[in-house]
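Let me begin by presenting the structure, written as structure tokens, before commenting on it.
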Amino acid sequence: MTVGTLGMSVGPMLGGALVATVGYPWTYSINVFAMMVGLWALYELPPMVPKKKAEGASRGIRSVVEGFSFVRQVPVVGMTFVVDLIGMIFAQAKPLIPALVVVAFGGGDAASGLLLSAGALGAFLGVTFSGWLKNVRRQGRFLTLSYVGWGAGFFAFGAVAFWLDGRNPSTSLAENLWAILLGAAGLAFAGWCDALGSVFRSTIIQTAAPDSMLGRMNGMFIVTVTGGPNLGTAMVGGVAQLVGSAVAAMLGGAVCILAIGGFTLAVPALWRYIFEPDPETNALPEIQHNPDHPATASITIVPPKSE
């Protein structure tokens with residue numbers, strides 16, 4: 001999660017800096033080279049064979065239908081998708097920030113850049129200092145509350161914008177820095193909650209679904225995290241056109257919190273979910289790095305110590 005968050009936050013900023021300094025051709029060339037390094041790293045991974053081969057495994061549409069059926073039958077997994085979609089659809093700041101910079105925060109393009117990167121900064125700080133998550137056993141409750149925090153941070157951002165709305169600010173970053181930092185704090189908190197929650201969102205899917213379903217679950221996960229924000233951009237932007245950007249942010253945050261609360265009361269499986277370590281995993285021997293071994297199999301199996 002740290003690597004992914006770092007890529008999503010630092011990557012675009014680095015791309016913008018390269019475009020400004022060396023131009024588009026060199027920027028795309030550097031990007032192609034970086035992708036080749038990533039593909040080489042994937043190629044070098046050792047085989048990862050499922051525990052059991054699925055005989056007569058379904059394919060095509062039937063496989064998709066079985067995936068949806070599994071989600072309905074296992075509410076813990078299904079609720080991870082529900083709370084994620086609620087957060088992504090009702091609490092999206094990107095379509096609101098340009099307008100709110102003009103009417104509320106001020107600071108011009110520089111302020112837009114700071115506010116747009118605030119969520120990524122909060123997410124990066126969250127995963128950087130996330131070692132304490134290993135002690136969390138009530139992972140479902142933590143995940144649910146993380147999305148409540150996402151909605152609360154978005155609501156706080158909207159509340160600050162509503163308080164500042166209509167003050168006709170200047171385009172000077174220095175003159176409006178206090179207002180920009182207040183709005184950025186709400187977005188950073190939302191990003192922090194989202195990053196910490198995403199750790200357990202992936203963990204629960206990996207541990208609560210059998211090997212035969214992991215491919216389909218991860219496919220649904222990709223659809224959710226890529227399609228949800230796009231739907232949210234349209235939703236929040238449309239509401240802002242009707243009631244104003246500040247009110248749309250406050251309304252989106254409130255709906256996010258209330259909807260998650262309602263679904264949790266109706267389907268409490270995720271809220272009650274407590275992680276229990278797999279006995280088979282606990283019984284595995286320790287794995288230690290062996291620098292003298294070839295790169296494709298650089299591990300040494302150490303038998304468990306006797307009691």
Side-chain angles (χ1 to χ4, degrees), residues 5 8-9 12 79-109 111-123 126 143-167 169 179-198 201 221-264:
T5 302
M8 289 186 290
S9 56
M79 279 295 293
T80 64
F81 293 109
V82 170
V83 295
D84 186 46
L85 281 173
I86 291 173
M88 296 301 100
I89 290 176
F90 293 106
Q92 287 295 323
K94 287 184 179 180
L96 307 180
I97 287 175
L100 288 176
V101 166
V102 174
V103 301
F105 293 104
D109 293 341
S112 295
L114 287 173
L115 290 172
L116 286 169
S117 60
L121 176 61
L143 175 60
T144 304
L145 292 176
S146 73
Y147 280 101
V148 172
W150 167 268
F154 189 60
F155 179 88
F157 166 71
V160 172
F162 184 79
W163 175 51
L164 298 171
D165 194 13
R167 70 186 186 97
I180 297 166
L181 291 179
L182 281 176
L187 296 176
F189 178 75
W192 180 78
C193 291
D194 179 52
L196 294 182
S198 66
R201 181 180 60 198
F221 171 78
I222 292 172
V223 171
T224 301
V225 298
T226 55
N230 292 324
L231 291 174
T233 298
M235 171 72 75
V236 175
V239 174
Q241 187 71 19
L242 298 175
V243 300
S245 296
V247 176
M250 296 173 63
L251 188 61
V255 170
C256 176
I257 295 172
L258 292 174
I260 289 175
F263 273 97
T264 299

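Since the structure is predicted, the reported quantities are computational estimates derived from the model, not experimental observations.
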### Task
Over all heavy atoms of both residues, which pair between Gly197 and Leu143 is shortest? Give the atoms and the distance, please.
O-CD1, 3.2 Å
### Message
Suppose we call two aromatic rings close when their centres sit under 6.0 Å apart. Are Phe157 and Phe105 close by that rule?
### Response
yes
## Note on the structure
CG of Leu242 to CG of Leu251, rounded to nearest 0.5 Å, is 10.5 Å
### Task
Could you check Ser245 against Leu100 for side chain to side chain contact (heavy atoms under 4.5 Å, CB included), going step by step and ending with a plain yes or no?
CA-CA 7 Å; Ser245 296; Leu100 288 176; 3.6 Å; yes
### Message
Does atom CE (Met250) have a neighbourhood of more than 12 heavy atoms from anything else shown, all under 6.0 Å?
### Response
yes
### Message
Quick check: closest heavy atoms across Gly186 and Ala156, and the distance to 0.1 Å?
### Response
CA-CB, 4.5 Å
#### Entry: Euclidean distance, Leu121 CG relative to Leu187 CG, rounded to 0.5 Å
11.0 Å
### Summary
To the nearest 0.5 Å, atom CH2 of Trp150 lies from atom CE of Met88 at 4.5 Å
### Query
Can you name the nearest heavy-atom pair linking Ala190 to Phe154, along with the distance?
CB-N, 4.2 Å
### Message
Using the rule given for side chain to side chain contact (heavy atoms under 4.5 Å, CB included), can you reason through Ile86 versus Tyr147, listing the C-alpha separation, both sets of side-chain angles and the distance that settles it, and then say yes or no?
### Response
CA-CA 9 Å; Ile86 291 173; Tyr147 280 101; over 6 Å; no
### Query
From Asn230 CG over to Ile89 CD1, what is the distance, rounded to the nearest 0.5 angstrom?
11.0 Å
### Least distance between heavy atoms, Thr226 atom then Val223 atom
OG1-O, 3.4 Å
### Query
If you measure from CZ on Phe81 to OG1 on Thr224, what distance do you get to the nearest 0.5 Å?
5.5 Å
### Message
Which heavy atom of Ala104 sits nearest to which heavy atom of Ala161, and what is that distance?
### Response
CB-O, 3.7 Å
### Query
Below 4.5 Å, heavy atoms only, C-beta onward: do Pro95 and Val236 meet side chain to side chain?
yes
### Residue pair Leu116 / Lys94: nearest heavy atoms and the distance that separates them
CD2-CG, 4.0 Å
### Query
side chain to side chain contact (heavy atoms under 4.5 Å, CB included) with Val148: which of Thr264, Leu258, Ile257?
Ile257
#### Entry: Residue pair Arg201 / Val225, side-chain heavy-atom distance below 4.5 Å
yes
### Task
Mind checking the CZ-OG1 spacing from Phe221 to Thr80? Nearest 0.5 Å is all I need.
9.0 Å
